[in-house]
There are 2 protein chains.
Amino acid sequence: MPKDHDLSEAELAVLRVLWDHGPQTVREVMERLHERGRRVAYTTVLTFLSRLEQKGVAASDKDGTAYVYRSKVSRQSVTRSRVRTLLDQLYDGAAAPMVVHLIESERFSEDEIAQLRRLIKDLDA
Amino acid sequence: MPKDHDLSEAELAVLRVLWDHGPQTVREVMERLHERGRRVAYTTVLTFLSRLEQKGVAASDKDGTAYVYRSKVSRQSVTRSRVRTLLDQLYDGAAAPMVVHLIESERFSEDEIAQLRRLIKDLDA
DNA sequence: GGCATCCTACTACAACTGTCGTAGCCTGTC
DNA sequence: GACAGGCTACGACAGTTGTAGTAGGATGCC
């Protein structure tokens, strides 16, 4: 059992940088966060990366003078666990009401609609 | 703007009791939570209800000796904001990938599938 | 009218979160 | 070989969250 990942919002934002751009140094991660509008200090990023490592969801390898951090968990698995949590909190775990909610309250492009239609079609196949 | 409700997990659990069973006293809310397997002390429930009131999402009216608490926000609106937050955190705000994820990873009953099919059909109408 | 109850108000407190600052260690460059 | 600049290690600190204890007022029952 991969243990339920329990990540805070800010930690998740850092992890996303690793997913989106691969292994990186603290400085690089900080720059990515800045690009995304998150104005955090260098040491703050370092703190988050350390905490992620402590929680077992990231790891680091020394490269010369600096450490390069990388994610140890897939975006898929974290997504799964977070969606599940939300489902439990709001709909007692049922997925359908959430899908209904999303379809009713969000806008989709032509392509997305086509994709969804295809998925639904295959559902009971 | 109804201000972004920022509720913690335990606070949400308490709010759900109000949604599911209508206005209630502290003691009643506590009993509902116990039924749901949440073993919390009376004063703990009181604390949460007070915090919910402070945050403006619940209100109380004195009934004889005790206060009766009620929710001031709809389940719909809280759901909307939480789903939105999750979407932002995981998919940069896009809803389609979440729908895809749900459809691919969860199981649905015949009825649910029929309902989804209907919804999708009407999408671009 | 005194005691057991029940209710609220207030306080507490540890863990977790979001943010950094400072100290001290390398290392490349004159 | 001394200094500037980058890097990590640690500590700090206020705010939030989860959980509850205690004190003191009101009330119903004998």
Side-chain angles (χ1 to χ4, degrees), chain A residues 3-18 23-34 36-70 78 81-82 85-86 88-89, chain B residues 3-18 23-34 36-70 78 81-82 85-86 88-89:
Chain A
K3 192 67 190 153
D4 197 319
H5 313 308
D6 183 23
L7 307 173
S8 72
E9 202 278 324
E11 283 168 350
L12 185 58
V14 170
L15 197 54
R16 282 193 59 183
V17 171
L18 297 183
Q24 290 161 89
T25 62
V26 179
R27 186 154 300 274
E28 286 166 337
V29 170
M30 179 186 74
E31 280 158 10
R32 295 293 160 273
L33 288 172
H34 286 180
R36 298 182 181 193
R38 206 154 186 133
R39 317 277 331 149
V40 277
Y42 183 93
T43 49
T44 301
V45 179
L46 182 56
T47 299
F48 283 134
L49 285 168
S50 304
R51 287 181 185 169
L52 286 174
E53 193 163 22
Q54 271 196 330
K55 293 186 176 183
V57 297
S60 62
D61 310 279
K62 193 128 200 169
D63 176 34
T65 170
Y67 282 106
V68 173
Y69 287 84
R70 61 191 154 80
V78 172
S81 109
R82 291 190 87 88
T85 298
L86 190 66
D88 289 341
Q89 286 175 359
Chain B
K3 190 69 188 151
D4 196 321
H5 313 309
D6 184 20
L7 306 174
S8 71
E9 203 279 325
E11 283 169 349
L12 185 59
V14 170
L15 197 55
R16 283 192 58 184
V17 170
L18 297 182
Q24 287 160 90
T25 62
V26 179
R27 185 154 301 275
E28 287 166 336
V29 171
M30 181 185 72
E31 280 156 11
R32 296 291 161 275
L33 288 172
H34 286 181
R36 297 183 181 193
R38 206 155 186 135
R39 315 277 333 147
V40 278
Y42 183 94
T43 49
T44 301
V45 178
L46 181 57
T47 300
F48 283 134
L49 285 168
S50 305
R51 286 181 187 169
L52 286 174
E53 193 163 21
Q54 270 196 331
K55 293 186 177 185
V57 297
S60 60
D61 311 280
K62 192 129 200 167
D63 176 34
T65 170
Y67 282 108
V68 173
Y69 287 84
R70 60 190 154 81
V78 171
S81 110
R82 294 194 79 94
T85 298
L86 190 66
D88 288 341
Q89 286 174 359

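Side chains included, hydrogens not; waters and symmetry mates left out as well; all remaining heavy atoms used. Letters A, B, ... mirror the listed sequences (proteins, then strands); counts begin at 1. Being a predicted model, the structure only gives us computed values, none of them experimental.
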**Q** Assess whether one donor atom and one acceptor atom, taken from the side chain of T43(B) and the base of dG21(D), lie less than 3.5 Å apart.
**A** yes
**Q** Can you tell me if the side-chain N/O atoms of Y42(A) get under 4.0 Å from OP1 or OP2 in dT19(C)?
**A** no
**Q** Without decimals, in angstroms, what is the distance between L52(B) CG and dT8(C) C1'?
**A** 17 Å
**Q** Is there a side-chain contact between Q24(A) and L18(A), using heavy atoms and a 4.5 Å cut-off?
**A** yes
**Q** Give the rounded distance in Å between these two atoms: CZ of R38(A) and P of dC20(C).
**A** 11 Å
**Q** In Å, rounded to the nearest 0.5 Å, how long is the span from CZ of R16(B) to CD of E11(B)?
**A** 15.0 Å
**Q** Assign T47(A) to base, sugar-phosphate, or nothing according to its heavy-atom contacts below 4.0 angstrom with the strands shown.
**A** base
**Q** Start at the 5' end of DNA chain C and walk down; is the nucleotide closest to V40(A) or to T25(B) reached first?
**A** T25(B)
**Q** For dT17(D), does either OP1 or OP2 sit under 4.0 Å from a side-chain N or O belonging to K55(B)?
**A** yes
**Q** Give the nucleotide from the list dT8(C), dT8(D), dT19(D) with an atom nearest to the side chain of A66(A).
**A** dT8(D)
**Q** Once you round it to whole Å, what is the distance between P of dG18(D) and CG of L12(B)?
**A** 10 Å
**Q** Got a donor-acceptor pair under 3.5 Å from the side chain of R51(B) to the base of dG18(D)?
**A** yes
**Q** Distance from M30(B) atom CE to R32(B) atom CZ, nearest 0.5 Å?
**A** 10.5 Å
**Q** Round to the nearest Å and state the distance from M30(A) atom CE to dT19(C) atom C1'.
**A** 14 Å
**Q** Report yes if the side chains of F48(A) and L7(A) come closer than 4.5 Å at any heavy-atom pair, otherwise no.
**A** no
**Q** With a 4.0 Å cut-off on heavy atoms, is T65(A) in touch with a base, just the backbone sugar-phosphate, or nothing at all?
**A** sugar-phosphate
**Q** Under a 4.5 Å cut-off applied to non-hydrogen side-chain atoms, are T85(A) and E9(B) in contact?
**A** no
**Q** L49(B) has an atom CG; how far is it from atom P of dT19(D), in whole Å?
**A** 14 Å
**Q** Looking at CG of D6(B) and CZ of R82(B), how far apart are the two atoms once the value is rounded to the nearest 0.5 Å?
**A** 8.0 Å
**Q** Can you tell me how far C1' of dA20(D) sits from CZ of R39(B), to the nearest Å?
**A** 14 Å
**Q** Between T44(A) and L7(A), which has a closest nucleotide on DNA chain C that is more 5'?
**A** L7(A)
**Q** Roughly how many Å is it from CG in L33(A) to P in dC20(C), rounded to a whole number?
**A** 11 Å
**Q** Any base atoms under 4.0 Å from Y67(A), or only sugar-phosphate, or nothing? Heavy atoms, all strands.
**A** sugar-phosphate
**Q** Please report the distance, rounded to the nearest Å, between CG in D6(A) and P in dT17(D).
**A** 14 Å
**Q** Pick base, sugar-phosphate or nothing for S50(A), based on heavy-atom distances below 4.0 Å to the nucleic acid.
**A** nothing
**Q** Does K62(A) put a side-chain nitrogen or oxygen below 4.0 Å from OP1 or OP2 of dC26(C)?
**A** no
**Q** For a quick check of understanding: with a heavy-atom distance under 4.0 Å over all strands, which category does S8(B) fall into, base, sugar-phosphate or nothing?
**A** sugar-phosphate
